[in-house]
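In what follows, a structure is listed as structure tokens, so that the remarks can point back to it.
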Amino acid sequence: MNIILLGPPGAGKGTQAKKISENCSLPHISTGDILRENISNNTPLGVKAKSYMSRGELVPDELLITIIKERLSRSDCSGGFMLDGYPRTIPQVDALQMILTESGRKMDVVLNIDVDDEELIKRLSGRRMCACGTSYHVDFNPPEKEGFCDSCKGKLYQREDDRAEAIRNRLIVYKKQTQPLINYYTKKALLRRIDGSKDISAIFEGIKKVLENYD
Ligand code: AP5
């Protein structure tokens, strides 16, 4: 099964992707995570991406297309994959289509997680991350010990783009550049709407029901 998780910043794509990946044994491909790893390792890609990301802007399409082409060519994607945070622009949609066609694959479903702006701002401003990749929320999904990861006991931090000004910009960028993809995938009859306002497990139950139709 080949899945795209679509939705605004903070909708809960990463949170749900982790659960879907475990439940369906699919590789979770998060372009945000790939870019952040490159920034941590100070690679040439990370150096290019850093300033765009800290301002809440999109990283140029050509860099993302190169990343996704390489990632989807790996053997763990041959039985299916789940994209989180890609595509985000129409050129990225077109490139994905070309990559899949060339390798005899197709998308099965696009899950669009819907959440209103007020809730998104609360989710993003309260998010805390661990270097091991686990994400928390100070109110909605707190760790057992404040400020520390339950899994690896690492110290939690706030993402640079989860500060107020970058959040505002990310929401503007999402509406301008990524929201048009909802129309695109609706026309292709691939889009399924997920009510993202519920709690984390209720949303996951909803997603599982939708995915049962694609086994
Ligand atoms: P990326 O890392 O993909 O960020 P994003 O899409 O903005 O999404 P987020 O990770 O902020 O949110 P999410 O929807 O995953 O929510 P989460 O589950 O964490 O991208 C970062 C940047 O990289 C971009 O801005 C761009 O610069 C660049 N980039 C990446 N991909 C790119 C591309 N394709 N093209 C160009 N540039 C690209 O949840 C958020 C919080 O809410 C957490 O604290 C969580 O615990 C909490 N939460 C989750 N679900 C619920 C719930 N149901 N109720 C209450 N709280 C909840």
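Quick note: numbers below take in every heavy atom, side chains included, and nothing from hydrogens, waters or symmetry partners. Remember, predicted model here, so these are calculated numbers, not experimental data.
For Glu160, the CD atom is loosely surrounded, since the number of other residues' heavy atoms within 6.0 Å does not exceed 12. More than 12 heavy-atom neighbours from other residues, nucleotides or ligands sit within 6.0 angstrom of CD on Glu70. Counting non-hydrogen atoms of other residues, nucleotides and ligands closer than 6.0 Å to CD of Glu165 gives a total of 12 or fewer.
In terms of the side-chain contact (heavy atoms from CB on, under 4.5 Å) criterion, residue partners of Lys48 (sequence neighbours excluded) are, by chain and number, Leu63.
Between Ile167 atom CD1 and Arg170 atom CZ the span is 6.5 Å, to the nearest 0.5 Å.
Residue pairs meeting the side-chain hydrogen bond (donor to acceptor under 3.5 Å, both in side chains) criterion with at least one member in residues 83-92, sequence neighbours excluded: His28-Asp84, Asp61-Thr89, Asp61-Gln92. Applying the ring-ring contact (aromatic ring centres under 6.0 Å, His included) test to residues at least two apart or on different chains, none of the pairs has a partner in residues 179-215. Among residues at least two apart or in separate chains, salt bridge (Lys or Arg N to Asp or Glu O under 4.0 Å) pairs with a member in residues 11-33 are Asp33-Arg36. Every pair passing side-chain hydrogen bond (donor to acceptor under 3.5 Å, both in side chains) that includes a residue from residues 122-137 is listed here, sequence neighbours excluded: Glu119-Arg123, Arg127-Asp162.
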Pair up each side-chain donor or acceptor in residues 105-112 with any protein partner under 3.5 Å, not counting sequence neighbours, and list the distances.
{"unit_1": "Arg105", "atom_1": "NE", "unit_2": "Ser103", "atom_2": "OG", "d": "3.0"}
{"unit_1": "Arg105", "atom_1": "NH1", "unit_2": "Leu72", "atom_2": "O", "d": "3.3"}
{"unit_1": "Arg105", "atom_1": "NH2", "unit_2": "Leu72", "atom_2": "O", "d": "3.1"}
{"unit_1": "Arg105", "atom_1": "NH2", "unit_2": "Ser103", "atom_2": "OG", "d": "3.2"}
{"unit_1": "Lys106", "atom_1": "NZ", "unit_2": "Asp108", "atom_2": "OD1", "d": "3.0"}
{"unit_1": "Asp108", "atom_1": "OD2", "unit_2": "Asn2", "atom_2": "N", "d": "2.8"}

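Taking 4.0 Å as the cut-off between side-chain N and carboxylate O, Arg159 and Asp161 count as a salt-bridged pair.
Both Leu64 and Ile39 sit in one connected hydrophobic cluster of ILVMFWY residues. Membership requires side-chain heavy atoms under 4.5 Å apart, directly or through other members.
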